[in-house]
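What follows is a short report on a single structure.
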Amino acid sequence: MARQFTLGKKERLKSRKSIEQLFNEGKKINLVPYRIFYTLSPLADERVLLFGVGVSAKNFKRAVDRNRIKRLIREAYRLQKLSLLDKLKDGNLQLNVFFIYTGKELPEYKDVYQKIGMVLNKMEKIVSG
RNA sequence: GCUACAAGCCGGGCUAUCGUUCCGACGUUACAGUCGGGAAGGAAAGUCCGGACAGCACAGAGCAAUGCACCGGUGAAUAGCCGGGUCUUUUCUUACUUAGGCAGGAAAAGAACAGAUAGUGCCACAGAAAAUAACUAUCCGCCUGCGGGUGGACAAAGGUGAAAACGUAGGGUAAGAGCCUACGGCUUAUGAUGGUAACAUCAUUUGCGGGUAAACCUUGCAUGCUGAAAUGCCACGUAUAGUACCGUUUUGAGGGCUGCUCGUCCAAGGUACAGGGUAGGCAGAUUGAUCCCGCGGGGUAACUUGCGGGACAGAUAAAUGAUAGUCCACGACAGGAUCCGGCUUACAGGCUUGUAGCAAUU
RNA sequence: CGGGUGGUGGCGCAGCCCGGUAGCGCACUUGCAUGGGGUGCAAGGGGUCGCUGGUUCGAAUCCAGUCCACCCGA
């Protein structure tokens with residue numbers, strides 16, 4: 001039985017090329033302190049859902065703060081991605097997502113969890129039709 | 001015990017659930033999965049110095065540029081560190097002095113402490129003048145209408161200023177002036193003594209011509225250039241690919257000698273524009289001038305050395321987190337990105353040791 | 001990772017190389033001109049020269065350290 005709440009190397013965007021493609025060709029969602037890029041395409045291999053995070057060094061000068069925001073977003077995503085994954089499997093689709101934090105204040109985990117949940121719900125609706 | 005200062009060390013702990021990365025074992029065709037172990041700092045930061053390492057270059061000469069600048073030691077090396085010298089400032093103290101002051105000694109702090117008689121520049125305001133002179137004053141000669149004018153001599157007396165032409169006394173002179181003499185101060189050179197040396201003391205001697213080199217500069221010494229996006233290898237892929245210009249025996253386009261010039265060597269392709277492809281993997285790359293502990297040796301110290309034991313991340317869109325509970329002193333500054341040595345800056349709180357003061361007990 | 005530029009009145013800039021008076025435009029205040037406004041004319045106020053030290057008689061300017069903002073290479 002495979003574990004469910006994982007976020008290993010195989011589930012993250014690892015290629016510079018695919019990331020650049022995502023920024024150039026992907027669609028965009030703005031949700032107050034976040035900006036999400038995504039591309040939806042027919043399933044090519046077993047990698048159904050790929051994920052990435054970014055925080056601008058302009059808004060957060062210290063690496064400690066950037067690391068913390070990325071960790072919080074990753075955690076919220078990890079715990080809430082399951083139903084989106086099921087929808088993608090049903091539709092035989094492949095999705096790349098990239099989260100960018102555009103706010104200027106350090107967020108609380110509860111807010112991050114809530115907002116990421118909203119984003120994922122939106123994505124589900126887009127995937128469904 | 002409390003307070004202050006200095007030095008050194010630490011800088012949240014525990015439990016549960018979910019999760020990340022690397023290594024090993026099991027397992028698998030290969031994944032998946034399971035088990036065990038490792039996983040940010042004292043500054044990882046700023047990138048201010050110095051190296052290691054790598055590539056290119058390494059026949060020579062000249063010029064330039066940059067850095068450093070008392071001496072010795074330390075170390076792979078430095079603008080770091082340690083010790084010493086000199087100077088400056090502050091404090092204390094002693095002798096002399098009516099006082100002002102001045103000389104010596106001690107302690108602490110600081111010093112970008114080579115050169116201002118190599119040259120050039122600058123020094124606002126004030127002041128006669130900011131370094132060459134001129135002006136006032138002084139003295140001498142001549143003229144005079146007795147107000148002064150004019151030709152010379154003189155060199156620091158002239159309310160200033162941050163800074164004023166060695167100080168005091170005497171001689172000297174037409175009047176003056178280190179012009180001369182004595183004492184004192186600073187300074188140049190030589191010698192002697194002590195010291196590895198910087199330097200100190202003494203003797204003789206040269207002069208006394210302000211400051212500024214964190215102004216240009218001069219002198220001495222050092223430095224090849226470029227940095228892991230360096231560099232080597234493998235894989236994938238495109239256009240046996242276009243246009244223009246220059247050149248291909250000699251008249252040679254261009255290139256190397258990596259700052260430039262000379263000089264020298266190579267040389268058949270080169271330059272520009274337009275367009276196309278790739279942007280994956282492995283090595284570099286984590287164990288090294290390494291760090292810590294104990295005992296011992298050398299050295300004033302920085303540091304070094306012998307023996308024994310222990311420890312040491314390696315990611316690559318980039319890993320240490322989240323949630324809940326609990327304890328306390330309620331958690332600061334802040335996160336690797338080739339590595340190491342230093343410097344600088346940020347930092348809640350706590351612990352240890354030493355010194356000084358206060359209080360109390362025996 | 002490497003390299004560079006800039007912090008001067010409320011705003012945009014000059015002065016810095018070669019040290020001695022901080023200046024310009026817009027804005028602001030007051031007055032005059034107009035029936036009123038725009039506009040024009042005249043006068044005026046306002047600056048720790050990012051911060052901390054050093055050199056110097058004297059620092060916005062020179063030097064060192066530090067903070068902040070911005071840009072470039074890949």
If I pick the P atom on B/U132 and the same atom on B/A118, what distance separates them, to the nearest angstrom?
15 Å
Can you tell me how far C1' in B/G27 sits from the matching atom in B/U34, rounded to whole Å?
8 Å
Parallel, tilted or perpendicular, as decided by the 30° and 60° cut-offs, for the rings of A/Phe99 and A/Phe51
tilted
How would you label the glycosidic angle of B/G207: syn (within 90° of 0) or anti?
anti
By nearest-heavy-atom nucleotide on RNA chain B, the more 5' of A/Asn67 and A/Leu13 is A/Leu13
Which is it for B/G141, anti or syn, if anything within 90° of zero counts as syn?
anti
A/Phe51 atom CZ is separated from B/G19 atom P, nearest whole Å, by 16 Å
Under 4.0 Å from any atom of RNA chain B, heavy atoms only: list the residues of residues 73-92 of chain A that qualify, in numerical order.
A/Arg74, A/Glu75, A/Arg78
Between A/Lys87 and A/Ser128, which heavy-atom pair has the shortest distance, and what is it?
CD-OG, 3.3 Å
Would B/G84 be called syn or anti, given that syn covers angles within 90° of 0?
anti
When rounded to the nearest Å, what value does the distance between P atoms of B/U66 and C/A64 take?
13 Å
With sequence neighbours excluded, what pairs up with A/Arg78 under the salt bridge (charged side-chain N to carboxylate O under 4.0 Å, His left out) test?
A/Glu75
Does A/Leu50 reach the side chain of A/Gln94, with side-chain heavy atoms less than 4.5 Å apart?
yes
With P as the reference atom in both, quote the distance from B/U305 to B/G75 in angstrom, rounded to an integer.
8 Å
In whole angstrom, give me the gap between the P atoms of B/U316 and B/C339.
16 Å
So what does A/Arg12 hit on the nucleic acid, given a heavy-atom distance under 4.0 Å: a base, only sugar-phosphate, or nothing?
sugar-phosphate
Say you pick atom P in B/C347 and the same atom in C/G50; how far apart are they, in whole Å?
24 Å
What's the gap between B/C56 and B/G255 when it is taken at their C1' atoms, as a whole Å value?
15 Å
Nearest listed nucleotide, side chain of A/Thr6, among B/A317, B/U21, B/G19
B/G19
Integer angstrom distance from the C1' of B/G237 to that of B/C266:
35 Å
Just checking A/Gly54: base, sugar-phosphate only, or nothing, at a heavy-atom cut-off of under 4.0 Å?
nothing
Against the side chain of A/Phe98, the closest entry in B/C31, B/A334, B/A317 is B/A317
Is B/A268 syn or anti, taking syn as a glycosidic angle within 90° of 0?
anti
Hey, is the side chain of A/Arg71 pairing donor to acceptor with the base of B/G335 inside 3.5 Å?
yes
Is A/Leu49 linked to A/Leu82 within one hydrophobic cluster, defined over Ile, Leu, Val, Met, Phe, Trp and Tyr using a side-chain heavy-atom separation of less than 4.5 Å?
yes
Do the non-hydrogen side-chain atoms of A/Ile19 and A/Asn96 ever get within less than 4.5 Å of each other?
no
Between the main-chain N or O of A/Val53 and the side-chain N or O of A/Arg74, is there a donor-acceptor pair closer than 3.5 Å?
no
Measuring from the side chain of A/Phe5 (C-beta onward, heavy atoms only), which nucleotide among B/C18, B/A40, B/A322 has the closest atom?
B/C18
From B/A322, B/G336, B/C31, pick the nucleotide closest to the side chain of A/Ala63?
B/G336
Atom OH of A/Tyr109 to atom P of B/C18: distance rounded to whole Å?
15 Å
Do A/Tyr113 and A/Leu79 come close enough that some side-chain heavy atom pair is under 4.5 Å?
yes
